[in-house]
Amino acid sequence: MLKLPPPIWTLIYLLMCAALSWWLGWPALPGLPNPLLGIALVVIAFIAPVWAFVLFRREGTEIEPTSPTNRALVTSGPYRFTRNPMYSGLVLLALGIALWVGAWPMLIAPVAVFATANWVHIPFEEAKMRRQFGAAYDDYVARVRRWV
């Protein structure tokens with residue numbers, strides 16, 4: 001699962017859930033779709049990841065999670081609130097799309113994105129960061145939660 005970047009997994013999950021929704025006739029839950037809330041979440045979902053991307057570029061470090069090393073441990077910006085603002089953005093994006101579309105199978109996508117990030121990608125990255133940055137990373141982990 002590490003060979004494909006997390007945004008690609010998000011797209012795969014959304015497409016699979018859309019196919020399932022189509023196959024089931026787009027079954028909606030009461031109160032859904034909610035386009036206004038969905039669009040708002042989609043827009044908000046881009047804030048932390050774009051901010052994180054800018055910080056990574058400014059620090060001259062890699063954004064690719066499977067890179068062998070990172071040049072810097074970024075702990076400012078959105079990383080003061082969550083160790084994973086990019087993954088949080090992907091989960092929020094999938095949730096926003098699910099609420100916007102309104103079919104209940106679409107709600108599987110944000111759960112799948114969260115699960116893949118939390119139990120596949122993040123543990124790999126945390127182990128790499130711990131090997132590379134040692135005590136500085138452990139101190140950061142002690143101060144900032146994995147999610148929010």
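For reference, positions follow the sequence shown, starting with 1. Everything numeric here is computed off the predicted structure, so don't read it as measured data.
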Quick one: do [X] and [Y] end up in the same hydrophobic cluster if we chain Ile, Leu, Val, Met, Phe, Trp and Tyr together by side-chain heavy atoms under 4.5 Å apart?
{"X": "L41", "Y": "V91", "result": "no"}
{"X": "L95", "Y": "V101", "result": "yes"}
{"X": "L24", "Y": "L29", "result": "yes"}
{"X": "V50", "Y": "V148", "result": "no"}

Looking only at non-hydrogen atoms, find the nearest pair between [X] and [Y] and report the distance.
{"X": "A109", "Y": "A94", "value": "C-CB, 4.2 Å"}
{"X": "P85", "Y": "P49", "value": "O-CG, 3.7 Å"}
{"X": "D138", "Y": "R130", "value": "OD1-NE, 2.7 Å"}
{"X": "G102", "Y": "L32", "value": "O-CB, 3.5 Å"}
{"X": "V42", "Y": "G96", "value": "CG2-C, 3.9 Å"}

Backbone of [Y] reached by a side-chain donor or acceptor of [X] within 3.5 Å:
{"X": "K128", "Y": "S67", "result": "yes"}
{"X": "R57", "Y": "V54", "result": "no"}
{"X": "N34", "Y": "L99", "result": "no"}

Counting C-beta onward and ignoring hydrogens, is there a side-chain heavy-atom pair between [X] and [Y] closer than 4.5 Å?
{"X": "R145", "Y": "T82", "result": "no"}
{"X": "C17", "Y": "L20", "result": "no"}
{"X": "L93", "Y": "V113", "result": "no"}
{"X": "R146", "Y": "Y87", "result": "no"}
{"X": "M106", "Y": "L14", "result": "yes"}

Residue pairs, two or more places apart or on separate chains, that pass ring-ring contact (aromatic ring centres under 6.0 Å, His included) and touch residues 93-118: F114-W119, F114-W147
Pair listing, salt bridge (charged side-chain N to carboxylate O under 4.0 Å, His left out) test, anchored in residues 2-14, at least two apart: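 Matches after skipping sequence neighbours: none remain.
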Transitive ILVMFWY cluster of V111, excluding itself - 4.5 Å side-chain cut-off: none
V74: hydrophobic cluster co-members (side-chain, 4.5 Å):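 W51, F53, L55, F56, I63, L73, Y79, M86, M129, F133, Y137, Y140, V141, V144, listed by chain and number.
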T116: partners by side-chain hydrogen bond (donor to acceptor under 3.5 Å, both in side chains), with sequence neighbours left out: Y13
Counterpart residues, side-chain hydrogen bond (donor to acceptor under 3.5 Å, both in side chains), relative to E62 (two or more places apart): R71
R143 CZ: over 12 foreign heavy atoms closer than 6.0 Å: yes
CZ/F46: more than 12 non-hydrogen atoms of other groups inside 6.0 Å: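 Count not over threshold, so no.
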